[in-house]
**Q** 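Attaching a single structure in structure tokens format; questions to follow.
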Amino acid sequence: MKYNFNAIEAKWQKYWADNQTFKAINGSDKPKYYVLDMFPYPSGAGLHVGHPLGYIASDIYARYKRHQGFNVLHPQGYDSFGLPAEQYAIQTGQHPAITTAENIKTYRRQLDQIGFSFDWSREVRTSDPSYYKWTQWIFIQLFESWFNIDTDKAEDISELEKVFASEGNAKVNAVCDENIEPFSADDWNAFDSKKQQEILLQYRLTYLAETEVNWCPALGTVLANDEIVNGVSERGGHPVIRKKMTQWSMRISAYAERLLQGLDTIDWTDSLKESQRNWIGKSVGASVSFKVIASGTKQSHKIDVFTTRPDTIFGVSFMTLAPEHELVSKITTPEQKEEVEAYIIASSKRSERDRMADVKTISGVFTGAYAEHPFTKEPIPVWIGDYVLAGYGTGAVMSVPCGDQRDYDFAKYFNIPIPNIFDGIDISEEAFSDKEKTVIGNSDFLNGMNYKKATKRAIYELEQIGQGEGKTNYRLRDAVFSRQRYWGEPFPVYYDAHGMPQMIDEKFLPLELPEVDKYLPTETGEPPLGNAKKWHWLQYGDKAEIVSKDEFENSSPLGRLGGALELNTMPGWAGSSQYFNRYMDPNNGDAIFSKEAIDYWQQVDLYIGGSEHATGHLLYSRFWQKFMFDKGYVNHDEFAKKLINQGMILGTSAFVYREESTNNYLSLGLIEGKKVQPIHVKVKYVNASDELDIEGLKSDTEFGEDYTDAKFILENGVYKVGRDVEKMSKSKFNVVNPDDIVLDYGADSLRLYEMFLGPLEQYKPWNTAGITGVHNFLKKLWKLYHQGENGTFYVSSSPTSEELGEALKTLHKTIKKVQEDIENFSFNTSVSTFMIAANELTAQKCTSKEILEPLLVLISPYAPHIAEELWSQLANSGSISTAPFPEFDASHLVESSKNYPISFNGKMRFTMELPLDLSKDDIEKAVLAHEKTQEQLAGRTPKKVIVVPGKIVNIVG
RNA sequence: GCUCAAGUGGCGGAAUUGGUAGACGCGCUGGAUUCAAAAUCCAGUUCUUUCGGGAGUGUGGGUUCGAUUCCCACCUUGAGUACCA
């Protein structure tokens, strides 16, 4: 019997599906283990060989854990809301639900044929109403909560209302909107309901606010910061502008410190933690308040700044406001008015991108106003300049030119004095910003102090005069949660007669997406949901329905609740921020998950996915998890204990070279000195030796150039292509479809090869030619269990003790190495180990069951189909997937002698075989007596001989 | 600019605590088999060499009996981030 991989793989995939082999049970005597993949967005293009890399790694780990006796949860699902399906709907009119369902079908087929051990009974789809019911539910929970700084957690908004009613808001210490007016209990109780709701909205964890957002006109929607790359949209590369809009926001900033601290408690990669730390952007310093010196009839103002260097406060020689700063118009003197206004207009025309690209040009204008130094009382000129950003800190800085290079450049350019407050430092060329070496001088009470002491003292003195305090600032902004799209979760929100947002009662969820005629914004510029004919909430008591505007207006107002439903939908990250918990109890209709389920599965033990989600999904999910923890729904405030980022598999593109203005294509070796244009060709027409299949290329009508009349100039009878490593993409003709690989070599070969390519975390190129190596290994493995011309199954159960000895050594060496490799996620080296084992056992002509049976369990996580097949041929019943992992026995690896490397001054020159029980002195004697030692020494006497028993001998001299 | 990761044969990569650099595989070379090809099997494959040997892990230094591994400086590549006060 030949190794017929296609038949074997189909057989076992069917077996697993029929027997629900990988169904995880909630609650078991076995210890639990939760292995999670980042679920895919089902795109229309299907999977290419790069996509399954992380899934194969996590599948190996999940299968390994089952062999170790764990109850393993290894689910999969689809992040199925998103832009591409909607764009397709706009173009073709096809409902995104249909496109999505088709794409999911393709994905499922492709995933199934790779042999993953997913528990498909737990599949989730974020676009399914039974799933997004719970995304809407979490939104309501967030709406009904506020963040109490005193307890450092989220609490019920009803508690806050009680506090307001009994003592007002003076003592409330909350993360909330800025500039909330103080009110007493009496004030609160006198407010009407609308006013009360407006105030509460300023405290809620999800709130409605007019915010400056990233608007992408081409996509017709708002984008989050992490959806913008280099100033253009991540999807499609369209320009993005700033625009003020009323939007739902998430108060993630409330969790900034906990999100930062939590990083120390989880086993995630350092680079990923570092990205999150940078994104959160904590800086410790002080806020300082400067009084603006009143001129003429103008009323007094103050400028608040944030600084990380309060120790340099005596070095302030001017202040700079962002051009958009609200005080600019109020403090500018009549003489400067014209110039200032011209500057504001000029800088508003510069896009965010221009401003970023052009950091060298110094520009700014004096406002004519002066502020008063809090200590010296000297007047300080107030400037505006676009190097100060309105969106960070307070949008104003105290400029210390001697200590900050940007302030220094600005001062030099505009001839502003640069007082030196550093002892013994020359600042004639550039600013001095080294905190560690700072000794403050020329600064009254700070003289002679280092950075740390001076900072502390400066903050103390500022507090004494009531003009400042220690402050920590975070770069992390609240997350805009509204999108002007169709294909996303509808908000469970309607607007009442006062225009105030109201949550739909939980019992009516899910609020399903309405049907629309077209998926574009309405003519009046409303989001696509504005096209829905029926999108008004109408509720009397326990009865509710969605009706048209007219039906709502004509309904009886008596006991009526309702109004226009929210037209925005939720962003892409909404559905992915709690999916890992939903998998624990995915079919629960009464709760997002049961208490029993979360108590049993706890949290994700291993999460594998791409690093591109570092500041998006992985940050938002941690935020929601912390919120769910505060509310007592989950018992860990981090959702994933360990996280690994798999690297990307790149394509190996192939090029032909057309000689300029001809139809001649030159082989790679002939292009030197010629003017040629490299052109991508499909990689499937290139063999392992980089030779082009010219006939194949010419007969291909599907893509690319027309080669029918092309002349290919050969070298040594063949056409050699050029090669380059690039991202896999259709336009580069370097995409490799796993379907083709599975058909030609089998899923087990694909799995082994993806692992064999290199370390999991690394970026590495795919080259289909190399797969023959692992495929040959599988054939060799098959042959170990089969004999003769026809390959009849043969495994002996009574081997001679001699052949077993060597084979046992091979087996146990392999057990040890493979176990270590899996636990270190070093899957590439275990594939090598399997190859070595198969080579050795073949050389040993090993046929014994005692060796070959445990070997299958070792290989089973990597190549599960062939392992199942041979396992069943060995007359085992059932699946190999829960067979216990073989125990390593060190006694089989004990050696009596060692082939010692003999080095001279650290360079290995020869080896000699010596017994391991020899003493140090005896080893030295034996080595020095060796003829090659004398040859190396050439008459010299060794100065020193280093003997490390069992390792090495080094002779110095 | 800052932060992080990484530089090893023609290629992907291995060397877990400092101890025989290049495992394993691809490709290449030669051979067997074949009418021929595919497939399979065997031998070789870092460079250099006067065939004794010598050099060698991005570059330059250091620590050590001994460094791909530890330390310092620099160069290159990739990723993230950026007028963040």
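Letters go in sequence order (proteins before strands), and every chain restarts at 1. Keep in mind that the numbers below use all heavy atoms, side chains included, and drop hydrogens, waters and symmetry copies.
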**Q** Taking B:U76 as the reference, what is the distance to B:C65 when you measure between their P atoms (whole Å, please)?
**A**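 To the nearest whole Å, 35 Å.
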**Q** Does the structure show a Watson-Crick or G-U wobble partner for B:U76, both distances under 3.5 Å? Name it, or say none.
**A**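 Pair assignment: B:U76 / B:A6.
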**Q** For A:Arg477 and B:A82, what is the distance between atoms CZ and P respectively, to the nearest whole Å?
**A**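 Those two atoms, CZ and P, are 13 Å apart.
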**Q** Across the strands shown, which category fits A:Gln762 at heavy-atom distances under 4.0 angstrom: base, sugar-phosphate, nothing?
**A**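 Result for A:Gln762 = sugar-phosphate.
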**Q** Looking only at side-chain atoms of A:Pro759, point me to the closest of B:G54, B:G13, B:C84.
**A**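 Among the listed nucleotides, the one closest to the side chain of A:Pro759 is B:G13.
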**Q** Please give the distance between the P atoms of B:U46 and B:G9 as a whole number of Å.
**A**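 Taking atom P in both B:U46 and B:G9, they lie 13 Å apart.
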**Q** A side-chain contact here means heavy atoms from C-beta on lying under 4.5 Å apart; do A:Lys282 and A:Glu257 qualify?
**A**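 Yes; the side chains approach each other to less than 4.5 Å.
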**Q** Are A:Tyr763 and B:A79 close enough that a side-chain N or O sits under 4.0 Å from OP1 or OP2?
**A**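 Negative; the distance criterion is not met.
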**Q** What interatomic distance, in whole Å, is found between P of B:A79 and the corresponding atom of B:G62?
**A**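 Here B:G62 and B:A79 have their P atoms 35 Å from each other.
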**Q** Any strand is fair game: report the nucleotide pairing with B:U16 by Watson-Crick or G-U wobble, both distances under 3.5 Å, or none.
**A**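 B:U16 is paired with nothing.
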**Q** Which whole-number value in Å describes the distance from A:Asp270 CG to B:A5 P?
**A**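 Roughly 7 Å, once rounded to whole Å.
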**Q** Side chains of A:Asp724 and A:Ser653 only: does a donor on one sit below 3.5 Å from an acceptor on the other?
**A**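 No - no donor-acceptor pair under 3.5 Å links their side chains.
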**Q** Within this structure, what is the CZ-to-P distance between A:Arg909 and B:G66, rounded to whole angstrom?
**A**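 It works out to 14 Å between those atoms.
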**Q** Starting the side chain at C-beta, find the nucleotide from B:G12, B:C84, B:C4 nearest to A:Arg475.
**A**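 Closest nucleotide to the A:Arg475 side chain: B:C84.
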**Q** How many angstroms lie between CD1 in A:Ile771 and OH in A:Tyr745, if you round to the nearest 0.5 Å?
**A**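 The distance works out to 6.5 Å.
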**Q** Tell me if a side-chain donor or acceptor on A:Asn954 pairs with a main-chain N or O of A:Gly906 at a distance below 3.5 Å.
**A**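 Such a contact is found between A:Asn954 side chain and A:Gly906 backbone.
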**Q** Using the rule side-chain contact (heavy atoms from CB on, under 4.5 Å), only one of A:Asp407, A:Val305, A:Ile303 pairs with A:Met398; which is it?
**A**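 Of A:Asp407, A:Val305, A:Ile303, side-chain contact (heavy atoms from CB on, under 4.5 Å) with A:Met398 is met by A:Val305 alone.
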**Q** Got A:Ile741 and A:Val736 here, is their nearest side-chain heavy-atom distance under 4.5 Å?
**A**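 They are in contact (side-chain heavy atoms under 4.5 Å apart), so the answer is yes.
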**Q** Taking any heavy-atom pair under 4.0 Å as a contact, classify A:Lys817: base, sugar-phosphate, or nothing.
**A**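 Base contact - A:Lys817 has a heavy atom under 4.0 Å of at least one base atom.
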**Q** Using the C1' atoms only, state how far B:U29 lies from B:U16, rounded to an integer number of Å.
**A**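 So the two C1' atoms sit 36 Å from each other.
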**Q** Using Watson-Crick or G-U wobble geometry with both distances below 3.5 Å, tell me the partner of B:A39, or none.
**A**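 Looking at the geometry, B:A39 pairs with no nucleotide.
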**Q** Look at the rings of A:His775 and A:Tyr3 and say which category their plane angle falls in: under 30° parallel, 30 to 60° tilted, over 60° perpendicular.
**A**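 Judged by the thresholds at 30° and 60°, the geometry between A:His775 and A:Tyr3 is tilted.
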**Q** Return the pairing partner of B:G52 with a 3.5 Å limit on both distances, Watson-Crick or G-U wobble; otherwise return none.
**A**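 In the structure as shown, B:G52 has no Watson-Crick or wobble partner.
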**Q** When you match A:Val397 and A:Ile955 each to their closest nucleotide on RNA chain B, which lands nearer the 5' end?
**A**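 Looking at RNA chain B, the more 5' nearest nucleotide goes with A:Ile955.
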**Q** Find the distance A:Asn645:CG to B:G80:P and express it as a whole number of Å.
**A**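 So the CG-P distance, A:Asn645 to B:G80, works out to 12 Å.
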**Q** Mind checking A:Lys943 for me? I need base, sugar-phosphate or nothing, with any heavy atom below 4.0 Å counting as a touch.
**A**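 Touches nothing.
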**Q** Using whole Å, report how far CG of A:Asn905 lies from P of B:A55.
**A**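 So the two atoms are 11 Å apart, to the nearest Å.
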**Q** Using the C1' atoms only, state how far B:A55 lies from B:A37, rounded to an integer number of Å.
**A**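 Approximately 43 Å lies between the C1' atom of B:A37 and that of B:A55.
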**Q** Could you measure between the two P atoms, the one in B:C51 and the one in B:G13, and give it in whole Å?
**A**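 These two P atoms come out 39 Å apart once rounded.
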**Q** Are A:Lys816 and A:Asp821 close enough for a salt bridge, meaning some N to O gap below 4.0 Å?
**A**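 Salt bridge flag = no for A:Asp821 with A:Lys816.
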**Q** Which value, in whole Å, describes the distance between the C1' atoms of nucleotides B:G19 and B:U68?
**A**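 After rounding to an integer number of Å, I get 13 Å for this pair.
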**Q** In whole angstroms, how far is the C1' atom of B:A79 from the CD atom of A:Gln646?
**A**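 Computing the A:Gln646:CD to B:A79:C1' distance gives 15 Å.
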**Q** Closer to the 5' end of RNA chain B via nearest nucleotide, is it A:Val956 or A:Lys779?
**A**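 The 5'-side residue here is A:Lys779.
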**Q** Do A:Leu914 and A:Met912 make a side-chain contact, defined as non-hydrogen atoms from C-beta onward lying under 4.5 Å apart?
**A**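 A side-chain contact exists here, since the closest heavy-atom pair is under 4.5 Å.
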**Q** Has the side chain of A:Glu274 got a donor or acceptor atom sitting under 3.5 Å from an opposite partner on the base of B:U3?
**A**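 No such pair is found, so the answer is no.
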**Q** Can you check whether A:Phe827 and A:Phe756 have ring centres sitting under 6.0 Å from each other?
**A**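 A:Phe827 vs A:Phe756: aromatic centres not under 6.0 Å.
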**Q** State the pairing partner of B:G1; accept Watson-Crick or G-U wobble contacts with both distances under 3.5 Å, and report none otherwise.
**A**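 Its partner is B:U81 (Watson-Crick or G-U wobble, both distances under 3.5 Å).
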**Q** Which parts of nucleotides 18-28 of chain B does protein reach within less than 4.0 Å, heavy atoms only, written one letter per nucleotide 5' to 3' as B for base, S for sugar-phosphate only and - for none?
**A** -BBS-BBSSSS
**Q** Applying a 3.5 Å limit to both distances, which nucleotide forms a Watson-Crick or G-U wobble pair with B:G44?
**A**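 Checking every strand shown, B:G44 finds its partner in B:C28, with both distances under 3.5 Å.
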**Q** Have a look at B:G52 and give me syn or anti from its glycosidic angle (syn if within 90° of zero).
**A**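 This nucleotide is in syn.
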**Q** Sort out the partner of B:G66 for me: Watson-Crick or G-U wobble, both distances under 3.5 Å, none otherwise.
**A**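 B:G66 is unpaired by these criteria.
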**Q** Please state how far atom CG in A:Asp404 lies from atom P in B:A85, giving the value in whole angstrom units.
**A**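 My rounded result for the distance is 9 Å.
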**Q** Using the P atom in both, what is the distance from B:U48 to B:C42, to the nearest Å?
**A**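 About 28 Å, rounded to a whole number of Å.
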**Q** Taking syn as a glycosidic torsion within 90° of 0 and anything else as anti, which one is B:G58?
**A**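 That one's anti.
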**Q** What is the base-pairing partner of B:A21, counting Watson-Crick and G-U wobble geometry with both distances under 3.5 Å?
**A**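 Across all strands, not a single nucleotide pairs with B:A21.
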**Q** How many Å lie between NZ on A:Lys435 and C1' on B:A85, as a whole number?
**A**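 Spelled out: NZ on A:Lys435 to C1' on B:A85 is 11 Å.
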